[in-house]
Amino acid sequence: MVITALWSFALVVGLLTITPGLDTALILRTAARGEQRRAWGVVLGIQTGTLCWGALSSAGVTALLAASRLAYETLRWAGAAYLLWMGARMLWEARGRATAEAASTEPAEPAAPGGFAAGWRQGLVTNLLNPKMGVFYVAVLPQFIPASAPHFLMGLALTSVHAVLGVLWAAVLVGFARALRDWLRKPAARRLMDRVTGAAILGFGVKLAVGE
C-alpha cells in the first residue's frame, strides 16, 4: 500500500511540477542569465519550502490555513506583495539597463552573478509565501497516506517524492537554458527575458491578490 501511494502521489505532483508556473519562470530566468549557482540555489530553496509545507501539513499545522480565513488572507496578501515587488523590480532593472545601453557606446557588462545563498532565500521565500501550497497539501496529502502508515513519516516521504521530482525537472530547465546560453548572453535577449519573467511574476502576484 505504501509503494502504491508513493507512485500515485508521484503521478499527481509530477503533472503539477511540469505545469508552467512561478517556479518555472524563476528558474529559467536565473539560469538564462548565466547565474548557475544562483539558479540551483533557487531550485533548492523552492524544494526546501516544499519540504516545510509537507512537514507542517503532516503535523496538522497547515490545517489552520484551511480553517482560518484570517491566517490564509494574511499569508495571501504577504505573498502577493512579495511577487508584485519582485516582478516590478525585474521590469525596472530591465528598463534601466536598456536606458544605460542606449546612452553608452560601450557594450553593457552583464550583471555579476548572484550567489547560491541569495538564490536559496529567493526560492524559499517565494514558496513559503504561497498559501495555495499549504492548502494543496492539506487537501491532497492525507488522501495518499495509508491508514496503517505512520502519518508524519509517510507525509514526509510523499513530500520528498515531490521535492525529488522538482529537482529533476529543474535540471531539465537549467540544461535548456545552458543550451541557449550563447543567444541569452546578448543584452537584448537578457532584457527580453527579464521583461517576460517580470511581467509573468507580476501576473502571478495580481492573480494571488484577487483570487479566492
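Computed from heavy atoms alone, side chains included, the values below leave out hydrogens, waters and symmetry copies. Because the structure is predicted, anything quoted here is derived from the model rather than measured.
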> Closest heavy-atom contact between Asn127 and Gly49?
Replying inline: OD1-C, 3.2 Å
> Do Val167 and Leu28 belong to the same hydrophobic cluster, where Ile, Leu, Val, Met, Phe, Trp and Tyr are linked whenever their side-chain heavy atoms lie under 4.5 Å apart, directly or via other members?
Replying inline: yes
>> Once side chain to side chain donor-acceptor pair (under 3.5 Å) is applied, what residue pairs with a partner in residues 151-164 remain, sequence neighbours excluded?
In response: Tyr137-His162
>> Within the structure provided, determine whether Ile145 and Phe152 are in side-chain contact (heavy-atom separation under 4.5 Å).
In response: no
>> Give me the atom names and distance for the closest heavy-atom approach of Leu141 to Ser58.
In response: CD2-OG, 3.6 Å
> To the nearest 0.5 Å, what is the distance between CD1 (Ile46) and OG1 (Thr126)?
Replying inline: 7.0 Å
> Of Val43, Val174, Val42, which meets side chain to side chain contact (heavy atoms under 4.5 Å, CB included) against Thr30?
Replying inline: Val42
>> Looking at every non-hydrogen atom in both residues, tell me the closest pair between Ala177 and Ala32 and how far apart they are.
In response: CB-N, 3.8 Å
>> According to side chain to side chain contact (heavy atoms under 4.5 Å, CB included), who are the partners of Ala157, at least two apart in sequence or on a separate chain?
In response: Leu6
> Same cluster for Trp53 and Leu156 if Ile/Leu/Val/Met/Phe/Trp/Tyr side chains link at under 4.5 Å?
Replying inline: no
Throw together a table of side-chain donor-acceptor distances under 3.5 angstrom for residues 16-27, partners on residues two or more places apart or in other chains.
residue, atom, partner, partner atom, Å
Thr17, OG1, Val13, O, 2.7
Thr19, OG1, Leu15, O, 2.7

>> Quick check against the 3.5 Å criterion: does Ser8 have a side-chain atom that pairs as donor or acceptor with the backbone of Thr4?
In response: yes
>> Check for me, please, whether Trp85 and Leu128 land in the same ILVMFWY cluster - side-chain distances under 4.5 Å, paths through other members count.
In response: yes
> So which residues get pulled into Val164's cluster when ILVMFWY side chains under 4.5 Å apart are joined, directly or through others?
Replying inline: Leu168
> Which pairs, with at least one residue in residues 1-39 and sequence neighbours excluded, count as a ring-ring contact (aromatic ring centres under 6.0 Å, His included)?
Replying inline: Phe9-Phe144
>> If you compare all heavy atoms of Gln36 against all heavy atoms of Ala31, which two are closest, and at what distance to 0.1 Å?
In response: NE2-O, 3.4 Å
> When rounded to the nearest 0.5 angstrom, what distance separates CG in Leu56 from CG in Leu51?
Replying inline: 11.0 Å
> Measuring from Arg29:CZ to Leu173:CG, what's the distance to the nearest 0.5 Å?
Replying inline: 15.5 Å
For residues 116-124, please give each side-chain donor-acceptor pair under 3.5 Å, one per line with the distance, not counting sequence neighbours.
residue, atom, partner, partner atom, Å
Trp120, NE1, Thr48, OG1, 3.2

